[in-house]
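Whatever order the structure lists them in is the order used to number ligands and atoms, beginning at 1. Since the model is a prediction, treat every value here as computed from it, not as a measurement.
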Amino acid sequence: MSIAENLHKIKSSLPKSVKLVAVTKTQPIEKLLEVYAAGHKIFGENKVQEMLDKYELLPQDIEWHLIGHLQSNKVKFIAPFVSLIHSVDSLKILQEINKQAQTNNRIIECLLQIYIAEEETKFGFDFNETEQLLHSEELKLLKNIKIVGLMGMATNTSDQDQIRKEFQSLNTFFKKLQSSYSSIQTLSMGMSSDYTIAIENGSTLIRVGSSIFGDRN
Ligand SMILES: *Cc1c(COP(=O)(O)O)cnc(C)c1O
């Protein structure tokens, strides 16, 4: 099937409450334009330089989401235009995002990346750290960022029960936070291999690449 057909098939299967980020990393501009021409305007990239290059070549009404680990020295490049940063994993990076948002006279929406996988190398906060951060005085000082939700990645495994357990635990935590923080609205979970399970467990934003574009080289 074509990119437009893949996109349509996925979008038409989603509940109304779930939005799609088309993950465009490693894909050439022509393919991004195919997605755009099919009417989809929310794109996700995991690297700052690649996002910048594509941002400059593509129409201005695209919403750009950063989904990969962000380094402090790169924040200034995306601060003028980024719509949502999914991958906030430290107070330090939040402080830098706040500073660059202030310079650009805007408020940047962020998700806190939560560590739910049984893997050593993943970035993110655990549940305790997240609650401490949300309560902290340091966070109250940051007027140019808004934490609008959480992001998580399940373990890269074929064990569906484990994936379900991980998404369930993040959803339970998300709901708990929602009862105290009215700004927490978005739960970014699910990629090509596991977005159906993610949606069954409360995801409001899925990040899908290969099911739209085919396998990355
Ligand atoms: C690459 C990537 C995705 C999309 O992965 P697919 O398996 O191609 O759907 C989603 N989230 C993050 C953080 C990624 O880096």
Side-chain angles (χ1 to χ4, degrees), residues 1-14 18-28 31-32 34-35 38 40-55 62-71 74-75 78 82-90 93 97 109-125 148-160 162-164 166-167 170-171 174 186-217:
M1 289 203 297
S2 71
I3 287 173
E5 284 167 336
N6 291 337
L7 180 75
H8 180 73
K9 190 169 163 225
I10 295 168
K11 285 180 92 166
S12 59
S13 76
L14 300 180
V18 179
K19 287 209 289 183
L20 168 72
V21 178
V23 175
T24 51
K25 64 187 187 195
T26 77
Q27 305 296 343
K31 294 194 175 179
L32 275 66
E34 276 184 66
V35 168
H40 191 77
K41 299 184 180 179
I42 307 176
F43 289 7
E45 285 285 336
N46 67 336
K47 296 206 171 90
V48 166
Q49 187 59 52
E50 193 174 341
M51 181 186 282
L52 279 175
D53 293 343
K54 289 171 173 172
Y55 168 73
I62 291 170
E63 258 187 47
W64 291 96
H65 290 206
L66 189 81
I67 61 171
H69 179 66
L70 179 57
Q71 290 172 307
K74 304 256 173 85
V75 176
I78 58 170
V82 71
S83 285
L84 181 64
I85 300 175
H86 291 229
S87 42
V88 169
D89 57 8
S90 67
I93 198 77
I97 295 166
E109 297 197 338
C110 296
L111 305 178
L112 300 177
Q113 182 169 352
I114 313 297
Y115 180 93
I116 52 171
E118 278 180 12
E119 283 161 10
E120 293 283 324
T121 56
K122 289 274 159 67
F123 294 103
F125 297 100
V148 298
L150 307 178
M151 184 272 245
M153 277 190 278
T155 303
N156 184 8
T157 173
S158 57
D159 181 348
Q160 310 272 300
Q162 181 172 350
I163 294 170
R164 184 171 299 107
E166 291 172 359
F167 284 154
L170 185 54
N171 189 32
F174 173 70
T186 299
L187 182 55
S188 167
M189 358 183 253
M191 352 207 295
S192 292
S193 58
D194 58 19
Y195 73 82
T196 319
I197 307 175
I199 291 168
E200 285 163 7
N201 291 285
S203 174
T204 70
L205 189 58
I206 60 172
R207 311 176 309 271
V208 177
S210 41
S211 291
I212 299 170
F213 294 101
D215 287 339
R216 282 181 295 276
N217 301 321

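From the protein, the heavy atom lying nearest to atom 12 (C) of ligand 1 is I67 CD1, 3.5 Å.
Considering backbone and side-chain N/O of S210, one or more are found under 3.5 Å from N/O of ligand 1. For S211, no nitrogen or oxygen atom sits less than 3.5 Å from a nitrogen or oxygen atom of ligand 1, counting backbone and side chain alike. Ligand 1 has an N or O atom lying under 3.5 Å from an N or O atom of G209, backbone or side chain.
A donor-acceptor pair under 3.5 Å is formed between the side chain of S87 and the backbone N or O of G68.
Remark: among candidates M191, K25, R216, the nearest residue to atom 10 (C) of ligand 1 is M191, based on non-hydrogen atoms.
Between H69 and Q71, the side chains place no donor N or O within less than 3.5 Å of an acceptor N or O (distance only, hydrogens not considered).
Within ligand 1, the atoms closer than 4.0 Å to a non-hydrogen atom of V208 are 9 (O), numbered from 1 in the order shown. Close contacts of ligand 1 with R207, meaning ligand atoms under 4.0 Å from a residue heavy atom, involve 4 (C), 9 (O), 10 (C), 11 (N), 12 (C), 13 (C). The S192 neighbourhood of ligand 1 comprises atoms 6 (P), 7 (O), 8 (O), 9 (O), with distances under 4.0 Å to a heavy atom of that residue.
Residues forming a salt bridge (charged side-chain N to carboxylate O under 4.0 Å, His left out) with K41 (at least two apart in sequence, or on another chain): D61. Under the salt bridge (charged side-chain N to carboxylate O under 4.0 Å, His left out) criterion, K54 pairs with E45, E50, sequence neighbours left out.
A heavy-atom distance below 4.5 Å is found between the side chains of I206 and L14. Annotation: side chain of E166 is not in contact with side chain of M189 (no heavy-atom distance under 4.5 Å).
The proximity of M153 to ligand 1, defined as any non-hydrogen pair under 4.0 Å, is limited to the side chain.
By the neighbour-count criterion of 12 heavy atoms within 6.0 Å, atom NZ of K47 is sparsely surrounded, having that number or fewer from other residues, nucleotides or ligands.
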